[in-house]
Protein chains: 2
Amino acid sequence: MSSPSPKLALFEQFALVAKTLGHPQRLELIEQLGQGPRSVDLLAEKLGSPIANVSQHLQTMRRAGLVAAERQGKYVVYRLADASVLMAIQAIQRVAENNLAEVNKIVRGYFEQRDSLEPITREELSGRLRDGMVTVLDVRPADEFALGHVPGAVNVPLAELDARLSTLDPSRDIVAYCRGAYCVMSFEAVSRLRLQGFRARRLEDGMPEWAAAGNAVAS
Amino acid sequence: MSSPSPKLALFEQFALVAKTLGHPQRLELIEQLGQGPRSVDLLAEKLGSPIANVSQHLQTMRRAGLVAAERQGKYVVYRLADASVLMAIQAIQRVAENNLAEVNKIVRGYFEQRDSLEPITREELSGRLRDGMVTVLDVRPADEFALGHVPGAVNVPLAELDARLSTLDPSRDIVAYCRGAYCVMSFEAVSRLRLQGFRARRLEDGMPEWAAAGNAVAS
DNA sequence: CGATCATTCAATGGAATTATTGAATATAAC
DNA sequence: GTTATATTCAATAATTCCATTGAATGATCG
């Protein structure tokens with residue numbers, strides 16, 4: 001455990017960060033925490049994993065400087081250490097997207113035609129929001145929506161999308177978003193909406209990036 | 001190995017990338033490859049590790065989409081898959097720098113006074129290079145210098161720095177760089193130069209970033 | 001204070017990762 | 001063809017990582 005050269009010592013620290021990011025369940029935790037601070041309890045429920053398991057992952061992430069914890073009464077509330085964590089996630093996703101054929105295969109499974117993939121940028125959405133020309137659809141579960149969402153967005157959880165199709169105006173463009181760039185719920189939502197004849201597109205990323213970019217968040 | 005939900009499948013891919021970055025030796029390999037394509041042979045020598053070991057790490061990285069390999073006659077030459085890999089490394093370094101006290105402790109071990117830490121940006125260096133107001137010092141080993149360097153830079157490998165102090169003009173500002181933002185050789189060089197009364201600063205990053213930013217590279 | 005709830009700790013076994021070693025393959029040189 | 005060199009493959013043991021379980025801790029509520 002002793003680190004002879006400072007160079008190796010530094011690389012060991014960097015490797016610790018990366019290695020800690022290298023577990024699907026921990027990435028899922030970061031996806032959740034990207035939307036806002038959450039208790040161990042809630043996180044475990046979201047992931048459908050045993051609490052002890054989630055707690056251990058969170059502690060591992062705390063040791064790696066990815067998250068911070070604060071006791072609030074009965075609960076321990078975890079949050080992302082800072083915005084750099086989200087940026088690291090994005091950078092890793094970009095590497096995977098560029099260089100792992102498997103990723104594109106999965107993504108394309110949601111879209112038969114390649115050109116419908118083009119997402120809308122945050123800037124574009126901001127502009128069209130001001131013009132009121134667009135319906136913004138938040139397809140996350142209701143509890144996540146309640147903890148913060150894009151102002152003006154309508155919450156239609158993916159599970160209820162089919163049932164609530166009739167409440168959507170087919171003459172308006174729809175922009176769907178969820179937890180992040182690779183949150184599959186928005187992919188799924190856009191895919192289904194298009195099948196029904198709606199003009200639907202995905203936001204390029206999701207809630208955490210919207211908030212991190214300094215945009216307003218309603219709750 | 002079967003991936004039920006596409007969401008999990010995606011996260012597994014992302015985790016694969018991150019996990020693969022989570023090893024000091026592999027980070028060292030990326031540091032080397034950031035300077036340009038290299039053979040397994042040369043990489044093993046640089047790291048001082050057995051060839052079989054390095055070869056396996058390289059193959060692991062290839063499976064994760066971090067590097068690509070190409071056979072050139074007798075040699076197999078590896079290179080970074082694309083620029084996104086370097087950006088991911090930088091993002092991870094930033095997380096560590098922001099949130100791991102250990103990293104700052106190590107970095108500060110090279111600089112007693114905190115304010116001397118301020119590095120010079122690539123843009124600033126470009127400008128001062130045009131004015132000819134600055135001596136650019138490449139402190140990497142001679143062979144790495146030979147494979148590509150900042151135009152106009154003088155190669156003074158760290159090991160020879162003390163012996164060649166007299167060849168440096170004390171009236172000129174010195175900017176030292178090496179392999180990257182956390183390549184400790186430039187830290188060490190600046191530290192020593194300052195002790196000898198030189199006005200020395202580090203470049204904010206190193207060779208790979210210089211090249212990735214579209215700057216010219218002499219060889 | 002006792003009961004309850006949220007979280008962490010500690011111990012277990014199983015799985016994955018890693019370094020090492022020596023053999024196997026592929027290419028170039030002779 | 002034979003030899004030399006560069007790289008990869010295969011097998012092993014040591015280590016680390018991970019999920020699970022049940023007990024321990026810390027805080028609130030009655």
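Each chain gets a letter, A, B and so on, in the order the sequences are listed, and its residues count up from 1.
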S.K.: Pairing donors with acceptors under 3.5 angstrom, does anything connect the side chains of Q93(A) and Q13(B)?
M.R.: no
S.K.: Tell me the interatomic distance from E28(A), atom CD, to dA19(D), atom C1', rounded to whole angstroms.
M.R.: 16 Å
S.K.: What integer distance in Å separates R63(B):CZ from dT8(D):P?
M.R.: 11 Å
S.K.: So, the side chain of R63(A) versus the backbone of G65(A): is there a donor-acceptor pair under 3.5 Å, distance only?
M.R.: no
S.K.: Could you pull out every donor-acceptor pair under 3.5 Å between side chains of residues 36-44 of chain A and any protein atom, sequence neighbours left out?
M.R.:
residue	atom	partner	partner atom	Å
S39(A)	OG	L42(A)	N	3.1

S.K.: Within the pair K19(A) and dT17(C), is there a side-chain N or O less than 4.0 Å away from OP1 or OP2?
M.R.: no
S.K.: Please indicate whether M87(B) has more than 12 foreign heavy atoms, meaning atoms of other residues, nucleotides or ligands, lying under 6.0 Å from its CE.
M.R.: no
S.K.: Within the pair H57(B) and dT17(C), is there a side-chain N or O less than 4.0 Å away from OP1 or OP2?
M.R.: no
S.K.: Strictly below 4.0 Å: does H23(B) bring a side-chain N or O up to OP1 or OP2 of dC17(D)?
M.R.: no
S.K.: Any side-chain N or O of Q72(B) under 4.0 Å from OP1/OP2 of dT27(C)?
M.R.: no
S.K.: Flag the pair E144(B) and R179(B) as a salt bridge only when some basic side-chain nitrogen lies within less than 4.0 angstrom of an acidic carboxylate oxygen.
M.R.: yes
S.K.: Any Lys/Arg nitrogen of E12(A) or K19(A) sitting under 4.0 Å from an Asp/Glu carboxylate oxygen of the other?
M.R.: no
S.K.: Along nucleotides 2-15 of chain C, 5' to 3', which nucleotides get a B, which get an S, and which get a -, given that the test is a protein heavy-atom distance under 4.0 Å?
M.R.: ---SSSBBB-----
